[in-house]
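Reviewing the structure listed below.
Order of listing sets the numbers, starting from 1, for every ligand and every atom in it.
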Amino acid sequence: MKLGRLNHIGVATPSIEESIAYYRDVMGATKIREPFDLEEQGVKVCFVDTPGDPTESGPSFGTQIELIEPLSDASPIAGFLAKNPAGGQHHLCYEVEDIEEARSWFEEKGKRILGPTRIGAHGTPIFFLHPKDMMGQLTEIMETPKETTHWSN
Ligand SMILES: CC[C@@H](C(=O)O)C(=O)SCCNC(=O)CCNC(=O)[C@H](O)C(C)(C)COP(=O)(O)OP(=O)(O)OC[C@H]1O[C@@H](n2cnc3c(N)ncnc32)[C@H](O)[C@@H]1OP(=O)(O)O
Ligand SMILES: [Co+2]
């Protein structure tokens with residue numbers, strides 16, 4: 001397996017509205033996408049874009065900040081926010097070319113995969129790896145979107 005681009009950094013927040021104000025007014029973010037609910041993953045999501053590849057050979061946006069707010073107490077991020085009520089960095093997401101190849105790669109290395117491969121916020125397959133097996137970082141692996149430059153939400 002070959003490591004791909006750092007697609008996004010997941011940031012858990014008790015309030016997407018307040019986080020949007022922070023990225024816009026404090027961090028100077030100029031491209032903040034519309035928030036949406038992802039019921040299957042138990043979270044409300046909002047992407048903040050950082051600038052993209054100036055050569056245009058890559059996607060039109062760079063690594064994103066993925067703001068995630070729990071939709072209910074059953075959300076997979078509810079426990080994290082109970083321990084970190086102000087929110088904070090939650091996971092790192094890397095792209096790979098082939099999700100099944102990546103799954104086998106990590107399985108062979110004895111890494112714990114958290115649940116089945118499912119469709120993530122970018123519409124491509126994702127899975128998660130346990131933070132205790134990944135140097136303390138909850139790690140999301142996602143298949144590279146086929147037409148990244150046209151992705152929008
Ligand atoms: C928006 C959709 C999608 C996308 O397309 O991008 C997403 O990103 S969805 C993001 C939310 N979904 C998930 O996180 C799914 C995978 N997560 C899980 O299965 C669980 O959250 C978890 C990682 C297994 C944690 O479970 P939980 O019950 O909340 O906590 P535990 O107390 O059992 O944790 C065990 C251990 O791990 C430490 N921990 C927990 N979360 C993290 C984290 N985000 N980063 C680093 N370490 C973490 C926790 O502190 C415990 O350690 P000890 O206290 O030392 O035991
Ligand atoms: Co994510």
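Nearby protein atoms of type N, O or S around the Co ion (ligand 2) amount to 4 (distance under 2.8 Å).
T144 and E95 share a donor-acceptor pair across their side chains, judged by distance under 3.5 Å alone. For the residue pair E66 and H91, a side-chain donor N or O sits within less than 3.5 Å of a side-chain acceptor on the partner.
Considering E101, E100, E107 in turn, E107 is the only one that fulfils the salt bridge (charged side-chain N to carboxylate O under 4.0 Å, His left out) rule with R103.
Here K111 does not pair with D133 in a salt bridge; the nearest charged N to carboxylate O distance is not below 4.0 Å.
Heavy atoms of other residues, nucleotides or ligands lying less than 6.0 angstrom from CD of E18 number 12 at most. Within a 6.0 Å radius of CG in D25, other residues, nucleotides and ligands contribute more than 12 heavy atoms. Sparse packing is recorded around CD of E97, with 12 or fewer heavy atoms of other residues, nucleotides or ligands lying under 6.0 Å away.
Side-chain contact check for Q89 versus Q137: every heavy-atom pair is 4.5 Å or farther apart.
In summary, the aromatic rings of F47 and H122 are positioned with their centroids under 6.0 Å apart.
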What are the distances between nitrogen or oxygen atoms of ligand 1 and protein nitrogen or oxygen atoms, counting only those under 3.5 Å?
from: ligand 1; atom 1: 5 (O); to: A121; atom 2: N; distance (Å): 2.7
from: ligand 1; atom 1: 5 (O); to: E140; atom 2: OE2; distance (Å): 3.4
from: ligand 1; atom 1: 6 (O); to: H8; atom 2: NE2; distance (Å): 3.1
from: ligand 1; atom 1: 6 (O); to: E66; atom 2: OE1; distance (Å): 3.1
from: ligand 1; atom 1: 6 (O); to: E66; atom 2: OE2; distance (Å): 2.6
from: ligand 1; atom 1: 6 (O); to: E140; atom 2: OE1; distance (Å): 3.0
from: ligand 1; atom 1: 6 (O); to: E140; atom 2: OE2; distance (Å): 2.9
from: ligand 1; atom 1: 8 (O); to: E66; atom 2: OE1; distance (Å): 2.9
from: ligand 1; atom 1: 8 (O); to: H91; atom 2: NE2; distance (Å): 3.0
from: ligand 1; atom 1: 8 (O); to: E140; atom 2: OE1; distance (Å): 3.0
from: ligand 1; atom 1: 21 (O); to: P76; atom 2: O; distance (Å): 3.1
from: ligand 1; atom 1: 32 (O); to: K83; atom 2: NZ; distance (Å): 3.3
from: ligand 1; atom 1: 44 (N); to: H90; atom 2: O; distance (Å): 2.9
from: ligand 1; atom 1: 50 (O); to: K83; atom 2: NZ; distance (Å): 3.3
from: ligand 1; atom 1: 52 (O); to: K132; atom 2: NZ; distance (Å): 3.3
from: ligand 1; atom 1: 55 (O); to: K132; atom 2: NZ; distance (Å): 2.8

